[in-house]
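Quick note: numbers below take in every heavy atom, side chains included, and nothing from hydrogens, waters or symmetry partners. None of these values were measured; they are calculated from a predicted model.
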Amino acid sequence: MKGLLPFYRGLCTLSNRQARRKAGIVGSRCGFCGTQSNSKGPYYATMQSQALSLPQPSFGLLFDIDGVLVRGRMPIPAAKKSFEKLVDSQGQFVVPVVFVTNAGNCLRQTKADQLSHILGVPITQDQVIMSHSPLRMFKKFHDKCVLVSGQGPVLEIAKNVGFKNVVSIDMLRESFPLLDMVDHNRRPKLPSNPLGNLPKVEAVILFGEPIRWETNLQLIIDLLLTNGNLSSIHKTQKMSHLPLLACNMDLMWMAEAHSPRFGHGTFLVCLENIYKKITGQDLKYDALMGKPSELTYHFAEYLIRSQAMQMQWKHPVTSLYAIGDNLMTDIYGANLYNRYLEERVARTNPKAIAKMVTATGSATTVPQEEEIDNMWESELALPAATSCKSVLVCTGVYNPNAEVPSDASHCIKETVFHGHRDFRFDPALVEPGHIVQDVAEAVDLIFEQEKFVPQ
């Protein structure tokens, strides 16, 4: 098989039992303010009335968007073909479907409308997870004054996910015009004093890559080094900084160009390195969300489960299939969540625990309840799924024709890991369950695996 995969297979696989899930969990001690749309209407009533006459699948599908269904604004030809197999003659889904994207520059409803147009089937906002969607669960920040960074309707997005007191980068520039000095043409023409009419910022929320990186980097660093008080001077001695929550860790993503483009992960690399260069300390995140964070997949599983309940299906959805084009986000995230699900099964299955103890010679490698006592489990309820399988397509970031190192063992320390700083490289996590040409082949494969024949 061509591409990066033989290289990853040649690496020494790390133990699933010893691997700890690090990022995407931190900062999850929060509340949940609900995700249900108020606009169910006759569509869901029709779904429910027809659901009982359809074959009831025990699996759900998680679709990445960029590089799987579209490239930039151009639909991938296989996308529409694949969705013709996922709906019946009335346009109702025969399988629970959720779209999981790391994009964060619009509302869920806007993305749902775009997908409906592209795919030719009705999509609701309850089938869409943006990178910022899990912020709904971070209720402890909702009443604080937060700065939001990104592009698109960032103030509207922030309020839609629950934040009540929101400040934008442009609002900061207007109140403190002397802080943004990189672009000479945007400097104040006359001396001016800070207006100082904004409340003190108490947390920073990073939605996605901004348009003017130099402006956002400067003002975010200013906030972190002044504890939210831009009228004061930088304090670079060892001290904690404002809470920082980041959505979308993609280093690169696939648009119309032949090669991948910078993503929000690249912006985070810049921010992290500037902060460390100035202070000598690592930038700390209270939460990282979007793929490959487990939090995002747990949220997706909750929406799949909700769809099955709305369809009044009697059998639980126990298998998830995540279809994506990026090894470091889609595949890593699906496999990381699958590892979490396997550990949950092991904790509750005496035979599985006994098998693990026999294999390792110690009970210390068995995951303990306190290790994963995460607040989101009680907020979203425990998952019904027991597995999350990854399917890699070749229409986006992944290049099946890339060169393979001749000596994998020699190159192990030189592996380029495009994941976020707070996620460690694990060859097992970037190994897809299946590789197919496009999303249409992915759907065919899954139907075959599940022996599912829609009527």
I want to check something: taking the side chain as every heavy atom from C-beta on, are [X] and [Y] in contact at a cut-off of under 4.5 Å?
X      : Y      : result
Lys111 : Ile65  : yes
Val100 : Phe63  : no
Leu288 : Met249 : yes
Ile76  : Val68  : no
Asp282 : Arg421 : yes
Arg305 : Val317 : no
Lys284 : Leu244 : no

With no hydrogens and no angle check, is any side-chain donor or acceptor of [X] less than 3.5 Å from a backbone partner on [Y]?
X      : Y      : value
Gln151 : Glu209 : yes
Ser82  : Ala79  : yes
Ser116 : Ala112 : yes
Arg108 : Val128 : yes
Thr266 : Leu251 : yes
Gln307 : Ile304 : no
Asn105 : Gly150 : no
Asn338 : Ala334 : no
Asn248 : Gly208 : no
Ser131 : Gly290 : no

Problem - Closest heavy-atom pair and its distance - Ile118, Pro75 - result: CG2-CB, 3.8 Å
Between atom [atom1] of [X] and atom [atom2] of [Y], what is the distance when rounded to the nearest 0.5 Å?
X      : Y      : atom1 : atom2 : value
Leu86  : Leu61  : CG    : CG    : 6.0 Å
Asn227 : Glu202 : CG    : CD    : 10.0 Å
Leu271 : Ile221 : CG    : CD1   : 5.0 Å
Lys200 : Thr226 : NZ    : OG1   : 8.5 Å
Ile323 : Leu69  : CD1   : CG    : 8.5 Å
Asp438 : Cys394 : CG    : SG    : 9.0 Å

Problem - Sidechain N-carboxylate O distance under 4.0 Å for Arg344, Glu342 - result: no
Exercise for the section: Salt-bridge test for Asp325 and Arg71: reply yes if a basic N is under 4.0 Å from a carboxylate O, no otherwise. Expected result: no
Problem - Residues forming a ring-ring contact (aromatic ring centres under 6.0 Å, His included) with Tyr297, sequence neighbours excluded - result: none
Problem - Plane angle bin for Phe99 and Phe83 - parallel if under 30°, tilted between 30 and 60°, otherwise perpendicular - result: parallel
Check the surroundings of atom [atom1] in [X]: do more than 12 heavy atoms from other residues, nucleotides or ligands lie under 6.0 Å from it?
X      : atom1 : answer
Lys235 : NZ    : no
Glu156 : CD    : no
Met239 : CE    : yes

Practice task
Please collect all salt bridge (Lys or Arg N to Asp or Glu O under 4.0 Å) contacts where either partner lies in residues 258-274, sequence neighbours excluded, each pair once.
Solution key: none
Exercise for the section: Verify the distance criterion only: is there a donor paired with an acceptor across the side chains of Asn216 and Ser149 at less than 3.5 Å? Expected result: yes
So, [X] versus [Y], ring centres under 6.0 angstrom or not?
X      : Y      : result
His418 : Phe423 : no
His241 : Tyr275 : yes
Tyr332 : Tyr337 : no
Phe299 : Phe138 : no

Handout entry: Residues in salt bridge (Lys or Arg N to Asp or Glu O under 4.0 Å) contact with Asp330, at least two apart in sequence or another chain
Key = Lys291
